[in-house]
Amino acid sequence: MTKSILITGGAGFIGSHIVRYFVEKYPDAHIINLDKLTYAGNLENLRDVENCPNYTFIKNDIVEEQTMFRIFEQYQFDYVIHLAAESHVDRSISNPNSFVITNIVGTINLLNAARNIWKDNMEEKRFYHVSTDEVYGSLGTTGYFTEETKYDPRSPYSASKAGSDHLVKAYFHTFNMPVVLSNCSNNYGSYQFPEKLIPLFINNIRQNKPLPVYGKGENIRDWLWVGDHARAIETILLHGKVGETYNIGGNNEWKNIDLIRLLCKIMDKKLHRPDGESEKLITFVKDRAGHDLRYAIDSSKLQNELRWKPSLQFEEGLEKTVDWYLHNQEWLDRIVSGDYLKYYEEQYKNR
Ligand code: NAD
Ligand code: TDX
């Protein structure tokens with residue numbers, strides 16, 4: 001493949017996995033990672049590919065319309081894989097406006113910039129919007145989200161992602177933009193910012209800090225290994241039907257408290273602590289406002305039509321994930337102490 005591919009948000013958790021995957025698998029493609037480097041963006045996540053000849057990093061904010069237009073004109077992207085977003089539900093409760101600005105205004109800027117360079121020559125182009133299952137709202141104890149489930153977002157984060165999904169679909173219907181979308185369940189794996197449940201709790205256990213379980217820990221999430229998400233995105237980008245949405249999920253539902261107990265058990269083993277030691281850190285705290293009860297994805301469209309399926313069993317994936325964080329404690333320490341910002345300035349000031 002010899003395409004020019006823009007990946008937005010490539011310095012974040014999922015984005016860094018997608019960038020690495022494409023840089024390594026498609027040496028003849030040019031992969032351009034554009035990221036604002038918010039608190040969640042970390043160039044250290046891409047150390048292993050940063051000198052590859054087919055990789056370019058651009059620091060920019062997708063909200064800056066004029067610069068985005070100029071960058072699209074300069075690089076003439078064939079494909080856009082759009083992941084840049086404010087992504088943490090708790091932050092969307094304390095500061096909703098930044099979610100509207102980046103997730104909605106940022107997305108329409110990218111759509112306009114792509115339309116401006118693709119004009120009527122859209123045949124071989126793709127605009128891929130990476131979205132979340134949270135746009136569908138909250139399930140009761142039964143049922144699954146399908147691609148036909150009505151949107152019912154309930155947090156400022158999911159409302160902003162729903163807004164951006166609608167804009168992407170509107171550009172398909174109104175302007176024939178060659179879009180594809182996917183709505184994925186909770187991801188886990190290496191390089192996830194330690195504000196999200198799994199890396200936060202791994203960090204707290206290693207530091208003997210309390211594990212703040214919201215409510216009674218009865219909420220259910222459907223967990224997918226981030227490497228399987230990367231393969232799904234590749235499959236949909238290359239083989240998905242224009243204008244279509246694909247749900248991505250691991251068929252892997254866990255009640256929070258059960259997942260946390262499993263994580264504690266793995267951590268006891270890895271840290272050579274007596275059985276049950278880490279569980280003592282569990283602390284039930286006030287519930288998240290508007291906390292969605294259950295997410296569960298039906299990904300049969302992707303599995304049947306495009307032949308994707310998840311590769312990693314959760315217990316194995318969780319243990320590999322714990323091993324990664326314990327082998328990369330300096331990465332965690334730099335983030336938790338806030339020193340990582342100073343660290344990249346020093347590392348990257350002469351680039
Ligand atoms: P993340 O917070 O780890 O990374 C987001 C990245 O976007 C960061 O590198 C950040 O610097 C960048 N960014 C933020 N605002 C920007 C702006 N205005 N301009 C340019 N760059 C900006 O997020 P993540 O968990 O990797 O999620 C990536 C995408 O996948 C998001 O769109 C999210 O909605 C979606 N998603 C995430 C999950 C999940 O479980 N994490 C599941 C489904 C979908
Ligand atoms: O300290 C915590 N205690 C706790 O009980 C945290 C951070 C979370 N939780 C609960 C809330 C959720 O039920 O754990 C569950 C998972 O929480 P998060 O890791 O914050 O993920 P979630 O809110 O489910 O959203 C994630 O999945 C979908 C991502 O952050 C989104 O970007 C993605 O779209």
Side-chain angles (χ1 to χ4, degrees), residues 1-38 40-64 67-87 102-103 106-107 109-111 113-114 117-118 124-132 161 164-165 168 177-184 187 189-193 226-240 246 248 348:
M1 178 169 49
T2 54
K3 307 279 187 194
S4 167
I5 307 176
L6 171 67
I7 299 177
T8 69
F13 162 50
I14 301 172
S16 62
H17 283 271
I18 309 291
V19 167
R20 180 177 301 98
Y21 186 87
F22 275 81
V23 167
E24 288 176 348
K25 185 155 177 190
Y26 297 105
D28 295 331
H30 183 191
I31 310 302
I32 298 99
N33 168 17
L34 182 141
D35 198 297
K36 180 184 175 182
L37 299 181
T38 66
N42 186 347
L43 287 177
E44 209 184 334
N45 298 357
L46 290 164
R47 263 283 149 87
D48 47 339
V49 294
E50 67 186 12
N51 293 320
C52 291
N54 62 336
Y55 171 71
T56 301
F57 173 69
I58 301 173
K59 184 175 186 301
N60 201 64
D61 185 339
I62 56 169
V63 175
E64 283 175 20
T67 346
M68 287 314 308
F69 267 67
R70 273 204 300 278
I71 291 168
F72 270 73
E73 271 166 6
Q74 181 181 348
Y75 287 91
Q76 294 292 318
F77 305 116
D78 299 297
Y79 297 160
V80 176
I81 309 176
H82 174 36
L83 295 106
E86 288 294 339
S87 71
T102 285
N103 300 359
T107 299
N109 283 348
L110 293 172
L111 287 164
I117 60 158
W118 294 344
E124 301 289 314
K125 314 295 185 204
R126 286 291 176 279
F127 188 102
Y128 188 136
H129 187 232
V130 176
S131 192
T132 171
K161 292 296 291 187
S164 55
D165 284 7
V168 172
M177 275 280 285
V179 309
V180 280
L181 298 90
S182 57
N183 295 85
C184 187
N187 283 215
S190 52
Y191 299 109
Q192 189 169 28
F193 195 87
V226 63
D228 284 329
H229 192 185
R231 270 194 312 108
I233 287 176
E234 176 198 29
T235 304
I236 294 164
L237 176 76
L238 300 180
H239 307 293
Y246 297 86
I248 311 173
Y348 292 93

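We number each residue from 1, following the sequence as shown.
Side-chain contact check for Asp228 and Asn187: no donor-acceptor pair (N or O, by modelled atom type) lies under 3.5 Å. Using a 3.5 Å distance cut-off with no hydrogens or angles, the side chains of Ser182 and His129 do not pair a donor with an acceptor. Side-chain contact of Tyr21 with Glu234: a donor-acceptor pair under 3.5 Å is present, judged by distance alone. A donor-acceptor pair shorter than 3.5 Å cannot be found between the side chains of His30 and Ser4. A donor atom on one side chain and an acceptor atom on the other are found under 3.5 Å apart for Tyr55 and Asn33. Side-chain atoms of Ser164 and Asn103 include no donor-acceptor pair closer than 3.5 Å.
Minimum interatomic distance between Leu43 and Glu50 (heavy atoms only, all atoms of both residues): O-OE1, 4.5 Å. Closest approach of Ile248 to Tyr128, counting heavy atoms only: CD1-OH, 4.3 Å. Of all the heavy atoms in Ala11 and Asp35, the pair that sits closest is N-OD2, 3.0 Å. Scanning all heavy atoms of the two residues, the minimum distance from Ala84 to Gly9 falls at CB-N, 3.6 Å.
Rounding to the nearest 0.5 Å gives a distance of 14.0 Å between NZ of Lys25 and CG of Asn54. The CD1 atom of Ile71 lies 5.0 Å from the CG atom of Leu34; values are rounded to the nearest 0.5 Å. Here the straight-line distance linking atom OG1 of Thr107 with atom CG of Asp165 works out to 8.5 Å at 0.5 Å rounding. Interatomic distance, Glu124 CD to Asp78 CG, rounded to the nearest 0.5 Å: 9.0 Å. Here the CG atom belonging to Asn109 is positioned 7.5 Å from the CZ atom belonging to Phe69, to the nearest 0.5 angstrom. Separation of atoms CZ (Arg20) and CD1 (Ile31) is listed at 13.0 Å; rounding is to 0.5 Å.
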Test side chain to side chain contact (heavy atoms under 4.5 Å, CB included) applied to Ile62 and Asn60, step by step
CA-CA 6 Å; Ile62 56 169; Asn60 201 64; over 6 Å; no

Under the side chain to side chain contact (heavy atoms under 4.5 Å, CB included) criterion, do Tyr79 and Phe127 qualify, and how do the steps go?
CA-CA 6 Å; Tyr79 297 160; Phe127 188 102; over 6 Å; no

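In this structure a side-chain-to-backbone donor-acceptor pair under 3.5 Å is present from His17 to Ser190.
Taking the charged nitrogens against the carboxylate oxygens, Lys36 and Asp61 do have a contact shorter than 4.0 Å, which makes a salt bridge.
Between Tyr75 and Phe77, the ring planes lie parallel to each other; the angle is under 30°, not in the 30° to 60° tilted range.
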